[in-house]
Amino acid sequence: METTALVMAYVGVALMVGLAGIASAIGTSIAGQAAVGAMKKNGGAFGSYMILSALPGSQGLYGFVCFFMVQGFLAAPTPVQGAAILGAGILVGIVNLAAAIYQAKVCANGITAIGNGHDVMGKTLILAAFPELYAILTVAATFLISNIIR
């Protein structure tokens, strides 16, 4: 076991889980702030606000799913495995950070529109799914990476 490989792997996991978690915290906060503002105008649509506010929270879960995919390599990674986990961590962290923030912006605009009386819940969910797809692709990429480095 090489110390450098171990460090790379653990930095990768930290980025993977840490940035994805930060992404969800930021995303749910952006949408939640819009929900608080919208409740002033239309408090009866809280259910829609809550669903749209929670949606950017999925990116943090993807970080954990990816961690579980690479967890078996963390005891004694080879240099190639350490580099692959670091790469996966950078990929998952950055993509999920961007996806959560931009998904939250879509959700926040939908929340604002619902607060103003427009019937856009379903359409907002569809539009918010687009950034989500890229976050999901990071899970697929981590799965492929973890199978390649076995």
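Other residues, nucleotides and ligands contribute over 12 non-hydrogen atoms within 6.0 Å of the CG atom of Asn147.
Each side chain to side chain donor-acceptor pair (under 3.5 Å) pair with one or both residues in residues 87-110, not counting sequence neighbours, appears once here: Gln59-Gln103, Asn96-Thr138, Gln103-Glu132.
Residues Leu61 and Val17 do not share a hydrophobic cluster, clusters being chains of Ile/Leu/Val/Met/Phe/Trp/Tyr side chains in contact below 4.5 Å. The hydrophobic clustering, which links ILVMFWY residues whose side-chain heavy atoms are closer than 4.5 Å, places Val13 and Phe64 together. At a threshold of 4.5 Å between side-chain heavy atoms, the hydrophobic network of Ile, Leu, Val, Met, Phe, Trp and Tyr places Ile148 and Ile85 in two separate groups. Linking Ile, Leu, Val, Met, Phe, Trp and Tyr whenever their side-chain heavy atoms come within less than 4.5 Å leaves Met8 and Leu6 in two separate clusters.
Minimum heavy-atom separation, Ala9 to Leu74: CB-CD2, 3.8 Å. In plain terms, the two heavy atoms of Phe67 and Met16 that are nearest each other are N-SD, 3.4 Å. Heavy-atom minimum distance, Ile114 versus Ala45: CG2-CB, 3.7 Å. Pairing each heavy atom of Pro131 with each of Ala99, the nearest pair is O-CB, 3.5 Å. Scanning both residues, Ala84 and Ile149, for their nearest heavy atoms gives CB-CG2, 3.5 Å. Considering every non-hydrogen atom in both Gly57 and Ser24, the closest pair reads O-OG, 2.9 Å.
The CD atom of Gln81 lies 12.5 Å from the CD1 atom of Ile145; values are rounded to the nearest 0.5 Å. With rounding to the nearest 0.5 angstrom, the CG atom of Leu15 is 12.5 Å from the SG atom of Cys66. Between Leu52 atom CG and Ile111 atom CD1 the span is 5.0 Å, to the nearest 0.5 Å. Atom OH of Tyr10 is separated from atom CG of Leu86 by 14.5 Å, given to the nearest 0.5 angstrom.
Taking Ile, Leu, Val, Met, Phe, Trp and Tyr as hydrophobic and joining them when side-chain heavy atoms fall under 4.5 Å apart, one finds Val65 in a cluster with Tyr62, Met69, Ile136, Val139, Phe143, Leu144. Under a 4.5 Å side-chain heavy-atom cut-off, the cluster of Ile, Leu, Val, Met, Phe, Trp and Tyr residues that includes Tyr134 is completed by Leu91, Val95, Leu137. Cluster partners of Val80: none. The rule joins Ile, Leu, Val, Met, Phe, Trp and Tyr whenever side-chain heavy atoms lie under 4.5 Å apart, and it links nothing here.
With sequence neighbours left out, the side chain to side chain contact (heavy atoms under 4.5 Å, CB included) criterion links Met39 to Val36, Phe46, Tyr49. Partners of Lys41 by side-chain hydrogen bond (donor to acceptor under 3.5 Å, both in side chains), not counting sequence neighbours, listed by chain and number: Asn116. Considering only residues two or more places apart in sequence or on other chains, Ile26 meets the side chain to side chain contact (heavy atoms under 4.5 Å, CB included) condition with Ile22, Ile30, Leu97, Ile101. For the side chain to side chain contact (heavy atoms under 4.5 Å, CB included) test, residues two or more places apart in sequence or in another chain that qualify with Gln33 are Ser29. Among residues two or more places apart in sequence or in another chain, the side chain to side chain contact (heavy atoms under 4.5 Å, CB included) test is passed with Val7 by Thr3, Val11. Partners of Asn42 by side-chain hydrogen bond (donor to acceptor under 3.5 Å, both in side chains), not counting sequence neighbours: none found.
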Show the numbers, then the answer: is there a side-chain contact (heavy atoms from CB on, under 4.5 Å) between Val92 and Leu19?
CA-CA 8 Å; Val92 171; Leu19 287 177; over 6 Å; no
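With hydrogens and angles ignored, the 3.5 Å screen pairs a side-chain donor or acceptor of Ser58 with a backbone N or O of Leu55. Judged purely by atom type and a 3.5 angstrom limit, Thr28 has no side-chain atom pairing as donor or acceptor with the backbone of Ser53.
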